[in-house]
Engineer: 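Have a look at this one before I ask anything.
In what follows, chains are A, B, ... by sequence order, proteins preceding strands, each numbered from 1.
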Number of protein chains: 4
Amino acid sequence: MRSENEASGQKGRSFIEEARRAQIVASAVEVIAEVGFAHASLARIAKHAGISKGVISYHFGSKDELMEEVVGRVYSTIGEHVAEKMAGLRTATEMIRTHVRSVAEHMRGHRAQLIALGEIFYNLRTADNTPRYGINASEEIFRAMEEVYRLGQESGEFREFDRRVMAITHSSAIDAMFAYWVANPEHDLDAHASELADLIERACRQ
Amino acid sequence: MRSENEASGQKGRSFIEEARRAQIVASAVEVIAEVGFAHASLARIAKHAGISKGVISYHFGSKDELMEEVVGRVYSTIGEHVAEKMAGLRTATEMIRTHVRSVAEHMRGHRAQLIALGEIFYNLRTADNTPRYGINASEEIFRAMEEVYRLGQESGEFREFDRRVMAITHSSAIDAMFAYWVANPEHDLDAHASELADLIERACRQ
Amino acid sequence: MRSENEASGQKGRSFIEEARRAQIVASAVEVIAEVGFAHASLARIAKHAGISKGVISYHFGSKDELMEEVVGRVYSTIGEHVAEKMAGLRTATEMIRTHVRSVAEHMRGHRAQLIALGEIFYNLRTADNTPRYGINASEEIFRAMEEVYRLGQESGEFREFDRRVMAITHSSAIDAMFAYWVANPEHDLDAHASELADLIERACRQ
Amino acid sequence: MRSENEASGQKGRSFIEEARRAQIVASAVEVIAEVGFAHASLARIAKHAGISKGVISYHFGSKDELMEEVVGRVYSTIGEHVAEKMAGLRTATEMIRTHVRSVAEHMRGHRAQLIALGEIFYNLRTADNTPRYGINASEEIFRAMEEVYRLGQESGEFREFDRRVMAITHSSAIDAMFAYWVANPEHDLDAHASELADLIERACRQ
DNA sequence: CATGAATGAGCATTCATTCAT
DNA sequence: CATGAATGAATGCTCATTCAT
């Protein structure tokens, strides 16, 4: 068996092994998005991928490990897209608008990933049955956002406010935008993102 | 067996039956809050309540029915508290501040209920595997919020903005405030609520 | 508690007790006919009768005892009707025709009883899990039929044949006639009975 | 898991899988014959086979599917034997005698199969609680028998009579012969079959 | 590397029966 | 007499995991 505990790194993995892992992760995303975390059994994921259950066990030490890889892959894909869009921005105001709109823009083409991510975040638990992710897994994001707010406050763009509360609110507003869009696919995601950027900007500025 | 189709009414229920139902609902809340929706089996709930599994089946037609009763009870408790606090308010600004702060005030004493409600909302599915609640179950709340915003806009307190986007954002900000507090019990819920009320007010006003 | 082991007798039973038992038996017949033996729970029978489960337990020592009473009552009703029709007949040929046709005539108006009887016969088992009725419960009937055949053989109406085989065949032919009619309600029961009487007569006669 | 929707075919089944299925079916037959349909739980069948409960679920999609496979296998075994014996017969009279005697001959060595078949026929129900087999499942047999009678009538061997009534009677007489033998193992099955063939012949002929 | 097979624990639900009131 | 409440065993089924080949 391979895959001990290398999280998202791809250290010693052969090309073919990497391909299998990617295929399985993709299947997991689609199955979770379709039937929900609770009904996404390894059997279903394997069937969807056209492989046998054993393959999954071979490449991933456990179901939990597979789930964590799903989160890792989806997360970094989003991060890459957003980072690219935000590169070179100067003002905090621009950064915030760009953040909201670029993440919306990206998720519009990755609906299944969005749903799967939420399902896993909300449901995955560690062996001692405490939530594996949950809101505290966003600490890194909160920190990054707070940094932007601090920037804006220092530059005089923003008034003084509690940056942690703002980060939590900002983050949840984006999540809710997606959740609403997932439940109502005809909802105009980009318009919502623009409007939301306005709200945040107004809440922040002097 | 009882419990036909009386939803939340307590028409034909004897005192003792009502007490048992309440006891079982309370157990369900605590177990769900502790181990999560997925691991909250009837066996565990019964054990927690110190009764046999069959009792639950006797008083509730199905597990789903029990879950819906949990939602119903928790929901109406919250609703009563908030409604009381908001009675008699005049301006939209006051209403919004009061809403945010009164719901925070109430949930501070009902942590398990808060968690259980979220778990069920996110996880309960109907027989055809579509989400039973999910964000669309908040439609009623969105409508009520939109009405307040409309009021504020008409009175000139608020500027023009997309009321639906605001309602989604407002609602999710409250949920996130609670989620953060649940994960970080030392977090100052009331301070967060005040700060959040400020944010919303600033986002709304002219 | 009453009702020890009095089978079908009504020795020490009060009028009201007798009425309750009859009501419960009638409900049992209808429920069994409708949903089958396996799904005819005491709860369903009680609900159908508009009484509580406890009443049944009070009047019948066990579910099995109720089932046996159903058989007893239905059986004796049929017996009475047939006996009446056959009284005074002289020739074995007449007796056989009359038997087939009178039982058909009677069951035509008692479809539920017919079905319930079959369900119980086929499914009820004693505590040691051996069939309670089954084909050996028909011994009495076989004996009576054999007596008629012997009569016919002695009178010269009938040829020599194995009377036990004839009794089994005769009896099963009637049961099958009913089973076919139950499954195909448009089937002409009386015509079938006449035709069957012909078949038996031809098989018997010189 | 296998077993999608291949009915009785053995298309994609490996040797080992086929063996397991056969073993499980054999166990089911024996358990049903011994304790009756109602008490033949998957647990008991698995225990009898010396395997875990899960194995049955692995090889059969549901208990109903297993039951239907039991019926299919037993049925086709009987059919093969009888068809072989009847090949090449000319007169309807010969056919009828041969049918009755060959099926008796075969079942004499397959008592458990006989009982299990009856139990399933009588008790298995579809999801909507209507009988899965029952007498109407014999339609094919009735049709085949009617064809033989028609042959005999056209050839002048047989008189005119209602072929459907005759088929029902003929079929039930065989079933009853078996039922009597099952309940009374010392009963001479072959003699009964011969006598029964006589009865049918006499009922049919001019 | 990959598979199919098997395990055994856990699940929601049904039910006959018992019993205090 | 009658009731509603409670019990605990049993049922069919799902599933992550293990393992020989």
Side-chain angles (χ1 to χ4, degrees), chain A residues 1-2 14 16-17 20 38-46 51-66, chain B residues 1-2 12-17 19-21 38-46 49-67, chain C residues 1-2 14 16-17 20 38-46 51-66, chain D residues 1-2 12-17 19-21 38-46 49-67:
Chain A
M1 215 241 289
R2 265 348 209 10
S14 72
I16 182 164
E17 186 170 357
R20 265 279 193 252
H39 295 101
S41 65
L42 290 187
R44 247 197 267 241
I45 293 168
I51 58 180
S52 90
K53 260 188 309 178
V55 187
I56 299 180
S57 295
Y58 179 79
H59 288 283
F60 296 91
S62 68
K63 189 185 185 182
D64 287 1
E65 197 187 309
L66 167 58
Chain B
M1 211 243 293
R2 272 341 216 10
R13 277 203 262 282
S14 69
F15 172 74
I16 177 163
E17 182 171 4
R20 262 284 190 251
R21 285 176 73 97
H39 296 97
S41 66
L42 292 187
R44 245 199 265 241
I45 294 169
I51 57 179
S52 91
K53 253 191 319 175
V55 185
I56 299 180
S57 293
Y58 179 77
H59 288 283
F60 295 91
S62 68
K63 189 184 185 183
D64 287 2
E65 194 188 309
L66 167 58
M67 293 298 135
Chain C
M1 213 242 291
R2 266 345 212 10
S14 72
I16 182 164
E17 185 170 358
R20 264 280 192 249
H39 295 100
S41 65
L42 290 187
R44 246 198 267 242
I45 293 168
I51 57 180
S52 89
K53 260 189 311 178
V55 187
I56 299 181
S57 294
Y58 179 79
H59 288 283
F60 296 91
S62 68
K63 190 186 187 184
D64 287 1
E65 196 187 310
L66 166 58
Chain D
M1 213 245 291
R2 274 339 218 10
R13 277 204 261 282
S14 70
F15 172 75
I16 178 164
E17 182 170 3
R20 260 285 189 254
R21 285 177 73 95
H39 296 96
S41 66
L42 292 187
R44 245 199 267 242
I45 293 168
I51 57 180
S52 93
K53 254 191 317 175
V55 186
I56 300 181
S57 294
Y58 178 75
H59 289 283
F60 295 91
S62 68
K63 190 185 186 184
D64 286 2
E65 195 188 309
L66 167 57
M67 293 298 136

Engineer: How long is the straight-line distance from NE2 of His59(A) back to CD1 of Ile51(A), given to the nearest 0.5 Å?
Structural biologist: 7.5 Å
Engineer: Would you kindly give the CD1-to-C1' distance between Ile45(B) and dG10(E), to the nearest whole Å?
Structural biologist: 14 Å
Engineer: Dot-bracket for DNA chain E, 5' to 3', with Watson-Crick and G-U pairs under 3.5 Å, [ ] for crossing pairs and | for other-strand pairs: what is it?
Structural biologist: .||||||||||||||||||||
Engineer: Starting at CD1 of Ile56(A) and ending at C1' of dG4(E), how long is that distance when rounded to a whole Å?
Structural biologist: 14 Å
Engineer: In this structure, how many angstroms lie between the P atom of dA5(E) and the CZ atom of Phe15(D), rounded?
Structural biologist: 12 Å
Engineer: What nucleotide, of dA5(E), dA5(F), dG8(E), holds the atom closest to the side chain of Ile16(D)?
Structural biologist: dA5(E)
Engineer: Does Ala38(C) have any side-chain contact (heavy atoms from CB on, under 4.5 Å) partners at least two apart in sequence or in another chain, and if so, which?
Structural biologist: none
Engineer: Taking atom P of dC1(F) as reference, at what distance in whole Å does atom CZ of Phe60(C) sit?
Structural biologist: 14 Å
Engineer: Ser52(D): what forms a side-chain contact (heavy atoms from CB on, under 4.5 Å) with it, not counting sequence neighbours?
Structural biologist: Val55(D)
Engineer: Taking OP1 and OP2 of dA2(E), is either one under 4.0 Å from a side-chain nitrogen or oxygen of His59(A)?
Structural biologist: yes
Engineer: Let's see if you can work this out: which of dA2(E), dA5(E), dT7(F) has an atom nearest to the side-chain heavy atoms of Ile51(B)?
Structural biologist: dT7(F)
Engineer: List for me each residue that meets side-chain contact (heavy atoms from CB on, under 4.5 Å) alongside Ala19(B), sequence neighbours excluded, and say none if there are none.
Structural biologist: none
Engineer: Please state whether the phosphate of dG4(F), meaning OP1 or OP2, lies under 4.0 angstrom from any side-chain nitrogen or oxygen of Arg20(B).
Structural biologist: no
Engineer: Output one letter per nucleotide in nucleotides 13-21 of chain E: B when a protein non-hydrogen atom lies under 4.0 Å from the base, S when only the sugar-phosphate is that close, - when neither is.
Structural biologist: BBSSBB---
Engineer: Who pairs with Arg20(B) by side-chain hydrogen bond (donor to acceptor under 3.5 Å, both in side chains), at least two apart in sequence or on another chain?
Structural biologist: Gln23(B)
Engineer: Grab the two heavy atoms, one from Lys63(A) and one from Ser41(A), that are nearest each other, plus how far apart they are.
Structural biologist: NZ-CA, 4.2 Å
Engineer: For His39(B), what residues pass the side-chain contact (heavy atoms from CB on, under 4.5 Å) criterion, not counting sequence neighbours?
Structural biologist: Arg125(A), Asn129(A), Val35(B), Arg44(B)
Engineer: Looking only at heavy atoms, which two atoms of Lys53(D) and Ala43(D) are closest? And how far apart?
Structural biologist: CG-CA, 3.7 Å
Engineer: Nearest 0.5 Å, what's the OG-CG distance between Ser62(D) and Leu42(D)?
Structural biologist: 9.0 Å
